[in-house]
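The sequence lines fix the lettering, A, B, ..., with proteins before strands; numbering per chain opens at 1.
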Number of protein chains: 2
Amino acid sequence: MTTAQADLRADTRARLEQVALELFTAEGFERVTADEIAEAAGISRRTFFRYFPTKADAVWGDFAGHVARLEARLAATAPSQPVLASICAAYLEVNDYPPEQLPALRQRMRLILGEPALLAHSQLRYADVDHAVAAHVARRTGVAPAALVPRLVATSTRAAATTAFEVWLAGGEPLADGLRRAFDELAAGFPALLSAPTGH
Amino acid sequence: MTTAQADLRADTRARLEQVALELFTAEGFERVTADEIAEAAGISRRTFFRYFPTKADAVWGDFAGHVARLEARLAATAPSQPVLASICAAYLEVNDYPPEQLPALRQRMRLILGEPALLAHSQLRYADVDHAVAAHVARRTGVAPAALVPRLVATSTRAAATTAFEVWLAGGEPLADGLRRAFDELAAGFPALLSAPTGH
DNA sequence: GTTGCCTGTGGCACCGGGTGTCACTAGCGT
DNA sequence: ACGCTAGTGACACCCGGTGCCACAGGCAAC
């Protein structure tokens, strides 16, 4: 096991993920029933729900491992590095996918950001990320993790990451560039918003 | 009607909201069935779902009107005002509740932020807010609404508002103060994060 | 006032996500 | 051969949500 999450047979899990992703992409998340996924993967509906607590969870791959890596990176940052920069670096590193994995990532993210039900569900998954980042900020600044600044930094940096993903999905620019740009904007307090209106 | 959202009898709707809020608070969102709400309100389950498309929607009151007021405020800001300040002002104005409404607001927000199912659902509702704010930023800066900066400003200002609500709920400080503080932090690029660590 | 319509309503059957329970099988050590 | 365990399937059940139909009341028009 990589990171405890209803192990069972790892190959079955992978096949299930694959099949679900394919079906969701082809038909739309809501229009695919758990029965169809199960049948297409050659197992029973009941077994599907032993691998994934929710239909939506089939889209997330090893997200728990993702969060764990992020936490590890945050914990390992040099104290000399500014906090915001350390978070940016952690996000960049954790999201530095090899090129051959990009199509799969695109497929996942297109679903997560494009299907309302999955977008809603994402909030639950991202809560772990926010928690980790807020804890990091609290640790580094000596403030309570529940205070305004740690929470705000956590949610707005995640907003930055999500936005970078959206722009990347839309074909705008490489993921890493968008991430960097988003963090730069955040760290600078949106300098572009001080200029005069440019005419409609 | 104030803002088209499945009108029917307004009094029935208000009673339904009231009953649902009370039950959710007392028993927890998931543990209250639509049947129970309907019965407690003296109507049928079927009718409940004519007033609210979803059990979760019973918590949101006239949120569509809320968004509409936000949009109106944004549209009415003076061009001389910096964009970020205009968004802050709009959020402040729209969330300036008279004191006697604060307990009800607390009840709603405690549910929305505390119940996972409602937190997930909130993402769908907030999408409208983000859309409005991004459009405002795009209008003011002459950039496409789907570009990085408008999106990022929209999501991170909403993060600021949400965080202020969380702190307010935790009893920290008045809502308006938290909002202002969160927006100040955002606009300044989190100045607190440049100081040296204060020791663990 | 009877005829029509239009609105709000309840009842019912149905779909789909999710869960608890039980029974079966395959493997594996002893 | 024995027992144990892990993975599985079948079934029944709960609940959120929807489509459909049937019914009641108000309110206009004739």
Does any residue of residues 39-49 of chain A have a heavy atom under 4.0 Å from DNA chain D, and if so, which ones, in number order?
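Of all residues in residues 39-49 of chain A, the ones placing a heavy atom under 4.0 Å from DNA chain D are A:Ile43, A:Ser44, A:Arg46, A:Thr47.
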Go through the structure and list residues passing side-chain contact (heavy atoms from CB on, under 4.5 Å) with B:Val32, not counting sequence neighbours.
B:Leu23, B:Phe24, B:Glu27, B:Glu36, B:Ile37
Does this structure show an ion pair linking [X] with [Y], if we count only N-O contacts that are shorter than 4.0 Å?
X: A:Arg151; Y: A:Asp130; answer: no
X: A:Glu173; Y: A:Arg181; answer: yes
X: A:Arg13; Y: A:Glu17; answer: yes

Of all nucleotides in DNA chain D that come within under 4.0 Å of a heavy atom of chain A, which is furthest toward the 5' end and which toward the 3' end?
D:dG7 to D:dC11
End-to-end bend of the helix from C:dG1-D:dC30 to C:dT30-D:dA1 (five-pair axes, 10° rounding)?
10°
Between A:Trp168 and A:Tyr97, is the gap from one ring center to the other below 6.0 Å?
no
Nearest heavy-atom pair of A:Ala20 and A:Ala58: which atoms, and what distance?
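Taking every non-hydrogen atom into account, CB-CB, 4.0 Å.
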What class does the angle between the rings of B:His66 and B:Phe63 fall in, given that below 30° is parallel, 30 to 60° is tilted and above 60° is perpendicular?
parallel
Does A:Arg50 contact C:dG18 through a side-chain donor or acceptor facing the base, at a distance under 3.5 Å?
no
For the atom pair CG (A:Asn95) and CD (A:Glu93), what is the distance rounded to the nearest 0.5 Å?
10.5 Å
So how far is it from A:Leu119 CG to A:Ile112 CD1, rounded to the nearest 0.5 Å?
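Spacing of CG (A:Leu119) from CD1 (A:Ile112) equals 9.5 Å.
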Using a heavy-atom distance cut-off of less than 4.0 Å, which residues of residues 26-36 of chain A contact DNA chain C?
A:Val32, A:Thr33, A:Ala34
Measure CG/B:Leu8 against P/C:dG8 and give the value in whole Å, please.
5 Å
What is the distance, to the nearest angstrom, from the CD1 atom on A:Ile37 to the C1' atom on C:dG17?
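Atom CD1 in A:Ile37 sits about 11 Å away from atom C1' in C:dG17.
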Do B:Val149 and A:Leu193 make a side-chain contact, defined as non-hydrogen atoms from C-beta onward lying under 4.5 Å apart?
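Yes, their side chains come closer than 4.5 Å.
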We want to know whether B:His136 and B:Ser86 form a side-chain donor-acceptor pair, criterion being a heavy-atom distance below 3.5 angstrom.
yes
Starting from B:Leu148, can I reach A:Leu169 by hopping between I/L/V/M/F/W/Y residues whose side chains sit under 4.5 Å apart?
yes
List the residues meeting side-chain hydrogen bond (donor to acceptor under 3.5 Å, both in side chains) with B:Glu22, not counting sequence neighbours, and say none if there are none.
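Partners of B:Glu22 under the side-chain hydrogen bond (donor to acceptor under 3.5 Å, both in side chains) test: B:Gln18, B:Gln107.
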